[in-house]
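Each remark here refers to the structure printed beneath this line.
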Amino acid sequence: MNSYFRAKVLSNTPLNTSTYLLTLQPVEQVRKPVPGQFYMIETGSSYDPLLKRPFSYLRRTPEGIQFLYSIRGKGTLLMRDFQPGKNVQAIGPLGNGYPNAGTRNTPVLIAGGTGVASIFSLAAQLPRKAYILYGARCRKDLILLNEVKELEHRDIICIDCTDDGSCGMKGTVIDALNELLTTDFSKIPSPLLYACGPKPMLEGLFRIALEKGLKGYVSLEEHMACGFGACLGCTVSTVKGNKRVCKEGPVFPIGEIVW
Amino acid sequence: MVMELGVALGKLQMKNPVMTASGTFGYGEEYADFVDLNALGAVVVKGISLKPMKGNPSPRICETSCGMLNAIGLQNIGVKKFLKEKLPYLRQFDTKIVVNVFGSTVQEYLRLSEMLDDAGVDGIELNVSCPNVKKGGIVFGTDRKVLAKLVSTVRKAVKNATVITKLSPNVPSIPEFSRTVEEAGSDVISLINTLPGMAIDIETRKPKLANITGGLSGPAIKPVAVRMVWEAARSVAVPVIGIGGIVKTEDAIEFMLAGASAIQVGTGNFINPRATEEIAQGIATYLEKKGIKNIKDLIGKMHVF
């Protein structure tokens, strides 16, 4: 099993103006990822950009591993031009992944923007009733909304929301969570939060969790050079000291992070 | 063809000239999935201090053209935990163990070096060139008197380990500083550490690193490093270790032609976690192709016009 492997681009499809769905097929024996883990993917073969970029995996298909990425800078701009058949180097699966919920807990999954990739990998493997709250700025940014909604067949209740009200509830996922907890709180036995999204969203979630005495996990994002614990570039402050997002994370208990 | 790939850095006999650069290889175990540590000349671990250090706030790294800036701030677990938890792991392998050390006083360097020497490590690399901490580090590396005192104090106290001094590129004269540490008794000189740099996000107008400045590494600094290694190697008799932007075999060969007896791979490990092992194999392939039987015939053998 190789953690550093070569993979072939199978497809690279735009989902909106800035977000793409990338499918890579490893050409070597690789390890199976668990939900919440990530990969470092090479964006070009020159020294500029120099470093690989970290991406949560979205799902495994019979053909390969799928990722979502948004164009943010030099690296992701090069990825946009990946053609099927291109070979790229990748490292993974990396990081810890989401811990399982206890049998009494009701998982409440919260995804903001492209954070949906990591949350989807978890939702697709949940064995029981759960909630998934998915928010973005507008309808076109609710990537893969149909796939998320399809999870409803499996007793996963999907609540979508947009900042501008162009789809679902008008407001943020934090608003949606507040409403859910206000109206249905008694109906949700021992909610356990799982969240991935922008930092302000996660911070908002932390405040709700604190206020309502809820437990849960957040998946964090940081710039990283290696992805496997060597460079110490991606550390985050926790109540137990500095921890590496790539190694001890990216998933941390929500109360452990110093926001 | 039987080839001799081994190099001797003072008492430090290595099976090949490939080492890891401090701060880029963790304590070795981080690379267990990627590299057979037995294939390396030596592993140089992350800089160690007497007490654990938590390092700088985030963001600590940012990418720049063909390089990266870092301001980790020497986060480490401290020497006691290293000896107890990390050293036994490294001892399983047939490779030399070099520990990079730093302190804020000469006494701290001395105490650390003694502890590590007693523990039987093969080499001690004095970090007198970290640009990212306020006390210690580069303060020792840019003042020749202070540097000479530090090196000679440690050299006198260390019985078995090879003492390596890692020079800063941020000095007025590499030949003068090289001679200073050689005269002070350093067995080996390694260079270069990172070059101080900075980058600003023009949208937010914020520096890209929380520490504002950081150390530049990667292929961007290689020509500067090759020149400095060449200057150092022709100024001293002790062996020189070349560091700075080595990613591939060709880079390693270039440093050796400039006079390096061994090389360290740093940022290259982040780009390709198997880089060290591949370079060790690549050097053997190069020698064979060129019909060179002993690696010594490569060291400093640049042809000048």
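Below, all heavy atoms of this structure are taken into account, side chains as well, without hydrogens, waters or symmetry copies. Keep in mind that this is a model prediction, so the values were computed, not measured. Numbered from 1 within each chain, the chains take letters A, B, ... in sequence-line order.
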Contacting region of K247(A) [heavy-atom separation from chain B under 4.5 Å]: neither
CZ/R91(B): more than 12 non-hydrogen atoms of other groups inside 6.0 Å: yes
Which atoms of E42(A) approach chain B - backbone, side chain, both or neither, heavy atom under 4.5 Å: neither
Under 3.5 Å donor-acceptor, R60(B) side chain and L232(A) backbone: yes
Note, L51(A) side chain near M68(B) side chain (heavy atom, < 4.5 Å): yes
G241(A) backbone acceptor or donor facing K54(B) side chain under 3.5 Å: no
Main-chain N/O of F228(A) paired to E30(B) side chain as donor or acceptor, under 3.5 Å: no
Closest heavy-atom pair and its distance - T24(B), A230(A): O-CB, 3.8 Å
Under 3.5 Å donor-acceptor, S58(B) side chain and T235(A) backbone: yes
Aromatic plane relationship, F34(B) with Y4(A) - under 30° parallel, 30 to 60° tilted, over 60° perpendicular: perpendicular
Heavy-atom check, side chain of D33(B) versus side chain of R31(A), under 4.5 Å: yes
From I72(B) atom CD1 to C234(A) atom SG, the distance as rounded to the nearest 0.5 Å: 9.0 Å
